[in-house]
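Have a look at the structure below before the remarks.
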Amino acid sequence: MHTILSLVLAGLFALSCYAEAGAQNAKKPPVRLLKHTTSQPYTVQTVSVKVGCFPPKLRSILAHIAAKTGRRPMVTSGLRHSGRAHSQHRHCNAADIRVPGLSERTIVAAAQTAPGIGGIGRYCNGIVHVDIGPKRRWRHC
């Protein structure tokens, strides 16, 4: 009886291996990743942050900050329709960022050397504003 049970189990194991090999060789649809997950020089804090409209100049500023600091900035705010009337955010020309583990002073120093940088603002909560508008600096605390 023990031999029959062993043969049955061996047969079932062989069948499961054969079925698994066939499943691995079956054609699978390609996995499509979102563009910004791997190719962008920045991350986004939440999916509700609108960054798809960032112009190349702003993306290059974020890439410059990433290269200078060795870490990808996290965008906490991009395009938004509320706020001041002349806000660069309303035209998708600005990003509020954090770089986890770095001080705002380090982030600002990297941003100041970015080609095409316009405004740089500092906020008390550690967020740094960068934009491609006119050159200006501010600190709100």
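What you see is a predicted model; the values in this text were computed from it and never measured. Side chains included, hydrogens not; waters and symmetry mates left out as well; all remaining heavy atoms used.
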Taking Met74 as the starting point, is it possible to reach Ile65 by hopping between hydrophobic residues whose side chains are less than 4.5 Å apart? no
side-chain contact (heavy atoms from CB on, under 4.5 Å) evaluation trace for Thr106 with Val99: CA-CA 9 Å; Thr106 303; Val99 181; over 6 Å; no
Atom OG of Ser48 and atom CZ of Arg80: how far apart are they, to the nearest 0.5 Å? 12.5 Å
What do the steps show when you test Arg59 against Gln40 for side-chain contact (heavy atoms from CB on, under 4.5 Å), and what is the final call? CA-CA 8 Å; Arg59 288 195 308 267; Gln40 296 298 337; 3.6 Å; yes
For Gln45, does its backbone N or O pair with a side-chain atom of Arg98 as donor and acceptor, under 3.5 Å? no
Evaluate side-chain contact (heavy atoms from CB on, under 4.5 Å) for Val75 paired with Leu62, printing each intermediate quantity in order. CA-CA 9 Å; Val75 179; Leu62 296 171; 4.3 Å; yes
Of Ile107, Ile61, Val108, which is the lone residue that meets side chain to side chain contact (heavy atoms under 4.5 Å, CB included) with Ile120? Val108
Mark yes or no for whether Asp96, through its side chain, and Ser77, through its backbone, hold a donor-acceptor pair below 3.5 Å. no
Steps toward side-chain contact (heavy atoms from CB on, under 4.5 Å) verdict (Asp131, Arg136): CA-CA 10 Å; Asp131 70 47; Arg136 62 212 187 285; 2.6 Å; yes
Minimum heavy-atom separation for Pro73 to Ala66, with atom names? CD-CB, 3.8 Å
Are His129 and His140 close enough that some pair of their side-chain heavy atoms sits under 4.5 Å apart? no
Residue among His64, Gln112, Lys57, Lys135 satisfying side chain to side chain contact (heavy atoms under 4.5 Å, CB included) with Ile117: Lys135
Measure from the side-chain N and O atoms of Arg90 to the backbone N and O of His81, and report whether any donor-acceptor pair falls under 3.5 Å. yes
If only atom types and distance count, is the side chain of Arg71 paired as donor or acceptor with the main-chain N or O of Pro100 below 3.5 Å? yes
For the backbone of Gly78 and the side chain of His89, can you confirm whether one donor and one acceptor N or O come within less than 3.5 Å of each other? yes
Please go through Ile127's hydrophobic cluster and name the other residues, only I, L, V, M, F, W, Y counting, with side-chain heavy atoms under 4.5 Å joining them. Tyr123, Trp138
By side chain to side chain donor-acceptor pair (under 3.5 Å) - contacts of Arg84 (at least two apart): none
Are any of the side-chain heavy atoms of Asn93 and Leu58 separated by less than 4.5 Å? no
Look up atom OG1 in Thr76 and atom CG in Asn125, then write down how far apart they are to the nearest 0.5 Å. 8.0 Å
Using the disulfide bond (SG atoms under 2.5 Å apart) rule, collect all pairs that involve residues 51-95, keeping only residues at least two apart or in two chains. Cys53-Cys92
